[in-house]
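Owing to the predicted nature of the structure, the values given are computational and were not obtained by experimental measurement.
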Amino acid sequence: MHHDISKIERLYDCYHRDVYHFALYYTNSKQEVEDITQETFFKAMKKLDNLKDKDKVKTWILSIARNTAVDIHRRQKIKRLFYYL
């Protein structure tokens with residue numbers, strides 16, 4: 001367990017700015033940026049053992065961020081639709 005925490009801490013230290021800036025590019029909402037960043041690293045922590053190519057960590061983490069951003073955007077769109085019904 002401690003070993004996994006150490007891995008995710010290093011991953012966060014190395015890539016949190018990249019994820020944050022990607023999320024900022026994708027959305028202008030500070031709240032969404034923070035949600036995307038947090039959820040990205042939560043998902044990465046859960047799937048860290050699935051990472052096969054250690055040389056493509058940045059690509060892997062940014063693809064998680066992209067998918068997370070799309071998911072969050074989709075959920076908010078659905079909420080807005082139900083709100084107006």
Side-chain angles (χ1 to χ4, degrees):
M1 176 81 172
H2 178 66
H3 184 64
D4 289 341
I5 292 171
S6 174
K7 279 184 186 178
I8 197 66
E9 285 175 346
R10 282 195 309 273
L11 190 68
Y12 181 83
D13 289 343
C14 289
Y15 300 107
H16 77 275
R17 285 188 183 99
D18 294 319
V19 171
Y20 186 90
H21 288 289
F22 165 78
L24 192 59
Y25 173 78
Y26 187 82
T27 178
N28 269 338
S29 167
K30 183 176 172 125
Q31 178 65 38
E32 283 185 45
V33 168
E34 292 171 359
D35 290 345
I36 291 166
T37 303
Q38 180 180 358
E39 200 168 321
T40 295
F41 285 98
F42 179 72
K43 288 177 180 180
M45 182 176 64
K46 288 173 41 178
K47 298 181 184 219
L48 198 53
D49 293 334
N50 295 346
L51 178 61
K52 302 213 187 317
D53 190 350
K54 306 291 185 199
D55 294 332
K56 296 184 179 180
V57 175
K58 184 174 180 178
T59 303
W60 178 74
I61 196 83
L62 288 176
S63 70
I64 294 172
R66 183 192 68 235
N67 293 336
T68 300
V70 169
D71 290 344
I72 287 174
H73 181 73
R74 190 176 298 135
R75 280 188 299 231
Q76 289 175 344
K77 188 176 180 180
I78 290 170
K79 283 181 187 177
R80 283 192 301 267
L81 285 172
F82 281 115
Y83 178 75
Y84 291 114
L85 289 180

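Within a 6.0 Å radius of CG in Asn28, no more than 12 heavy atoms belonging to other residues, nucleotides or ligands are found. Other residues, nucleotides and ligands place more than 12 heavy atoms under 6.0 Å from the OH atom of Tyr26.
We find that Arg10 and Asp13 are not joined by a salt bridge, their nearest charged nitrogen and carboxylate oxygen being 4.0 Å or further apart.
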Enumerate donor-acceptor pairs with a distance under 3.5 Å from any side-chain N or O in residues 38-47 to protein atoms, sequence neighbours excluded.
residue : atom : partner : partner atom : Å
Glu39   : OE1  : Arg75   : NH2          : 3.4
Thr40   : OG1  : Ile36   : O            : 2.6
Lys43   : NZ   : Thr68   : OG1          : 3.2

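Nearest heavy atoms, Lys54 versus Leu51: NZ-O, 3.5 Å.
With hydrophobic clusters built from ILVMFWY side chains whose heavy atoms lie under 4.5 angstrom apart, Ile64 does not share a cluster with Ile72.
Applying the ring-ring contact (aromatic ring centres under 6.0 Å, His included) test to every pair with at least one member in residues 56-77, sequence neighbours left out, gives no pairs at all.
Taking Ile, Leu, Val, Met, Phe, Trp and Tyr as members and joining any whose side-chain heavy atoms lie under 4.5 Å apart, directly or through other members, the hydrophobic cluster of Tyr20 also contains Leu24, Val33.
By the 4.5 Å heavy-atom criterion applied to side chains, Asp18 and Ile61 are not counted as neighbours.
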